[in-house]
Structures are given as C-alpha cells and as structure tokens.
Amino acid sequence: MTEKTQYLIDKLHTTHRLELSEYECLIERMDAASRACAAEKAVAVRKEIYGTDVFVRGLIEFTNYCKNDCLYCGIRRSNQSADRYRLTPEEVFSCCREGYRLGFRTFVLQGGEDPYFTDERLVPLVRHIRTSFPDCAITLSLGERTRESYQALFSAGADRYLLRHETADPAHYAKLHPAALSWQHRMDCLQELKSIGYQTGCGFMVGSPYQTSHDLAEDLLFVQEFQPAMCGIGPFIPHKDTPFADRPAGTLEMTLFLLSLLRLIKPDLLLPSTTALGTIHPLGRECGIEAGANVVMPNLSPAGVRDKYLLYDNKICTEEESAQCVACLNLRMERIGYRIVNSRGDPPDADRLKTCFDTD
Ligand code: SAH
C-alpha cells in the first residue's frame, strides 16, 4: 500500500468525502494491504453504530416477467429460454406470513418490470401487507415507474425503495442498456423516490462489462452526493442467455474493497452483503460483512419459483426452503461473531448517531 493510499483512506475515514480523482486513485491502486486497511476502519465505524447486529430482509421475487432488455440480466425480455412466472397477490402475502413467522420484519418485493403489476393490482397488496404487519417495513424493488405510482405505493404503506442506479456514468449506462432506457430517467426516479419520503436505495454492479476505475469512482461520488439510506452492490455475474454471456464476473476483492469505502462514505448506510457475492465465493457473504456490510437478504420466494428468478448463472439458494435459508444465514453470521436481529432494521436516528461520534 502506498502512502498516498493510506492518506486517502484516513481522509475518507475522518471526513467521509473524497474527490473523484481520489476515489479513482484508490480503486486503481487497490491491493491486499489497502483492502485490509479500509476493511478494518469500516468495521470499526460500523461497530460504533450497529455493534455486531446484522439486519435481515426477506426477499420475495414475485415476477420474472420484464419489459426491459438490459444486456446483463437473465430475465431480460429477449431471453426466450427464461421460464416466466408471476406470483398472485395471495402467494406474495403468504410469503410474508411465512416470513413473519420466521422472524422477518422487512419484506422486499422485487421483480422485473412487469406491466401486469399496475398500481390497481399493487396498491391493495401493499395496503394489505401494511395493515396485516404494522410492525414491518415494506421495501419495493420494481424498477422505474411514474412519480404518481411511487406516490400511490408510498401512501399505501411502502417505506423503502431499491433502485440501483447501475452505473453513475451515462456513457457506461448506454453500453449496458438498450437505447430505450435512459440514465437520466433512472436518476430522476431516484430523486423522486427520495423526495416522496422513501428510504431510498441505489447501487451498482462491480465488474460489469466496459466498467473502468473512473466509472466506479463516479459511483462512489454519486453515493457521497445522493446520501441514500441503502446501497446494494454485488459482482456482475454473466448469464448464459445474454449478450454478456462470455464476459468475466466481477471480483470478490474489488467488491469487498468498495463495500469498505461505502461504509466510510456513509457510516450508517444500510449495506447488504448480496447473494451475488455469495455466488462468486462460498464465503462471499461472510467476507462482505467483515468488509463493512450490515444487511443480508435471504430468499423468501416459494420453492417452486426460486430456480426461475435467475438474473445470472449459478445463483445460490435456489433449492432451499425459506426456513433453511434463515437457519443457514444465522449460522454463517454466528460463526464470524455477528448476530442476525429480527427488527425492521432502520438506520439509527440523528440523535443516536450523534452520540456515537461525540467522542470524535
Ligand atoms: N427490475 C428491478 C429489479 C432489478 S433486479 C429494477 O429495475 O430495479 C436487481 C438487480 O440485480 C439489478 O438492479 C442489477 O444491478 C442486478 N443484476 C442484474 N443482472 C445481474 C447480473 N448478471 N449479475 C449481477 N447482478 C445483476
């Protein structure tokens, strides 16, 4: 690790911000020593706020129909081999019931952009979950919708929305998406979600095709400026039926390093150690937590559809039942000295944050 790297990690640790060129420098010079240094600081910062608690979100992948054609994604419209399914509102609701029984207090409803799920269909479902489980958070991850739709779903009781920005660089965005999708529109959606009052999550893939250090630096700078409540990152992993089938996957090392930097950028950030990370390495999710992540998102989808929500190849946990996923993750977290807590897992309020850092 060079002196410059050490200086930049220290600066990020104390000020929570860097310039674009400084992020780029850190990314270009990443090595084992700089990873260890960033991880040690990230873990210390997280410990101040969250101790050894790991939040858990129950992920319900309720439709793999998608009208979009993102070049990297296995459920893209032009993938004729994808076996399409959608859960009924009743099935989604029974996943929540099962999840509640298993201790989950956050449900994440994720899907492709499925035109079947109009507001007329989704709003009653969200309202039903909200009234049935008043102590739970409802997170939506349904892609780009109108402001009116985001507002209607928020009013129905959704608290959080995950919309990865995918890449903060417009030219890079254009290489990953068909012309019909616009970087600007995605960014506008994120601003709208935040202004409506959602706890908003952005995020990006690590090692996606054509990605440069400069692009990743822009992603970090975007997080620094946007100040999301959450940020989902994971390695890009190729899917055999996409145009990027032969591209290499993102690396464990770079993903872990970026998790640590994100923790230093925003100490209270909700930062998942993702399934994609667990897919590229058997202990990927544990490594993610040890790099500074504080959320895991086990799958709550019904066993019959799990092997159909395939965004990338070799996805883990497609054979298990929800209860098995919970037990497995509990054990994995315990083995590394952390514990899964059954709460909504909100970020601490401003007062509590202040007391954490009063000693600084
Ligand atoms: N349709 C929703 C949910 C997308 S799926 C939306 O538009 O937000 C959730 C995330 O999976 C995506 O945002 C993307 O970052 C990630 N993803 C898709 N394909 C992937 C791949 N091949 N490798 C790794 N991550 C992928």
Side-chain angles (χ1 to χ4, degrees), residues 16-17 46 49-50 55-61 68 70 105-113 117 119 122-123 126 129-130 136-170 173 181-206 218-234 258-259 261-274 292-297 343-350 353:
H16 313 300
R17 42 191 317 123
R46 188 203 42 208
I49 303 174
Y50 296 112
F55 296 145
V56 66
R57 321 294 194 201
L59 184 60
I60 304 168
E61 299 155 335
N68 291 333
C70 307
R105 294 299 176 266
T106 292
F107 306 118
V108 182
L109 273 53
Q110 185 177 86
E113 289 194 21
F117 284 103
D119 293 347
L122 276 175
V123 164
V126 170
I129 299 173
R130 167 53 55 238
C136 293
I138 302 172
T139 305
L140 301 177
S141 179
L142 321 170
E144 297 174 34
R145 299 176 77 92
T146 61
R147 184 180 172 98
E148 293 68 43
S149 174
Y150 288 149
Q151 181 62 63
L153 293 164
F154 185 76
S155 304
D159 312 84
R160 306 181 182 143
Y161 205 103
L162 292 175
L163 185 75
R164 291 189 177 183
H165 61 283
E166 311 297 358
T167 170
D169 185 89
Y173 192 91
L181 290 172
S182 112
W183 176 86
Q184 190 60 54
H185 188 256
R186 197 139 184 113
M187 289 301 190
D188 290 347
C189 284
L190 278 169
Q191 296 293 346
E192 269 160 7
L193 288 163
K194 201 177 188 191
S195 74
I196 288 168
Y198 280 99
Q199 289 176 29
T200 305
C202 62
F204 54 93
M205 287 175 289
V206 180
E218 287 184 287
D219 288 321
L220 294 178
L221 194 66
F222 173 68
V223 172
Q224 172 179 305
E225 300 306 332
F226 184 63
Q227 294 284 308
M230 315 169 260
C231 183
I233 74 163
L258 294 170
L259 283 169
L261 298 184
L262 287 165
R263 172 63 59 208
L264 297 178
I265 291 171
K266 193 166 190 291
D268 67 338
L269 188 63
L270 296 164
L271 199 52
S273 191
T274 55
N294 70 324
V295 175
V296 288
M297 297 174 69
S343 70
R344 279 175 49 113
D346 288 302
D349 58 36
L353 254 191

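Atoms considered below: every heavy atom in the structure, side chains included; atoms not considered: hydrogens, waters and symmetry mates.
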Testing the basics here: between [X] and [Y], what is the closest heavy-atom pair and its distance to 0.1 Å?
| X | Y | value |
| --- | --- | --- |
| Gly292 | Leu271 | O-CD2, 3.9 Å |
| Ser182 | His185 | OG-N, 2.8 Å |
| Leu190 | Leu163 | CD2-O, 3.3 Å |

For this session: Would you sort out whether Leu140 and Leu122 count as a side chain to side chain contact (heavy atoms under 4.5 Å, CB included), showing the intermediate values?
Result: CA-CA 10 Å; Leu140 301 177; Leu122 276 175; over 6 Å; no

Exercise. Is any side-chain N of the basic residue among Arg160 and Asp346 closer than 4.0 Å to the acidic one's carboxylate O?
Worked result: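 Counted as a salt bridge, because a side-chain N and a carboxylate O are separated by less than 4.0 Å.
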
Exercise. So do Thr139 and Gln199 actually touch side chain to side chain, heavy atoms under 4.5 Å?
Worked result: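 Gln199 does not reach Thr139 side chain to side chain.
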
For this session: Using a 4.5 Å cut-off on heavy atoms from C-beta on, say whether the side chain of Ile129 contacts that of Leu109.
Result: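 They are in contact (side-chain heavy atoms under 4.5 Å apart), so the answer is yes.
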
Look at the side chain of [X] and the backbone N and O of [Y], then say whether any donor-acceptor pair between them is shorter than 3.5 Å.
| X | Y | value |
| --- | --- | --- |
| Thr200 | Tyr198 | yes |
| Arg57 | Arg344 | yes |
| Tyr173 | Glu166 | no |

Exercise. Could you walk me through whether Phe222 and Asp169 pass the side chain to side chain contact (heavy atoms under 4.5 Å, CB included) check?
Worked result: CA-CA 10 Å; Phe222 173 68; Asp169 185 89; over 6 Å; no

For this session: Show your working on salt bridge (Lys or Arg N to Asp or Glu O under 4.0 Å) between Arg147 and Asp188 and close with a plain yes or no.
Result: CA-CA 10 Å; Arg147 184 180 172 98; Asp188 290 347; over 6 Å; no

For this session: Would you check if the distance from the ring center of Phe154 to the ring center of Tyr161 is below 6.0 Å?
Result: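 Not under 6.0 Å, so no.
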
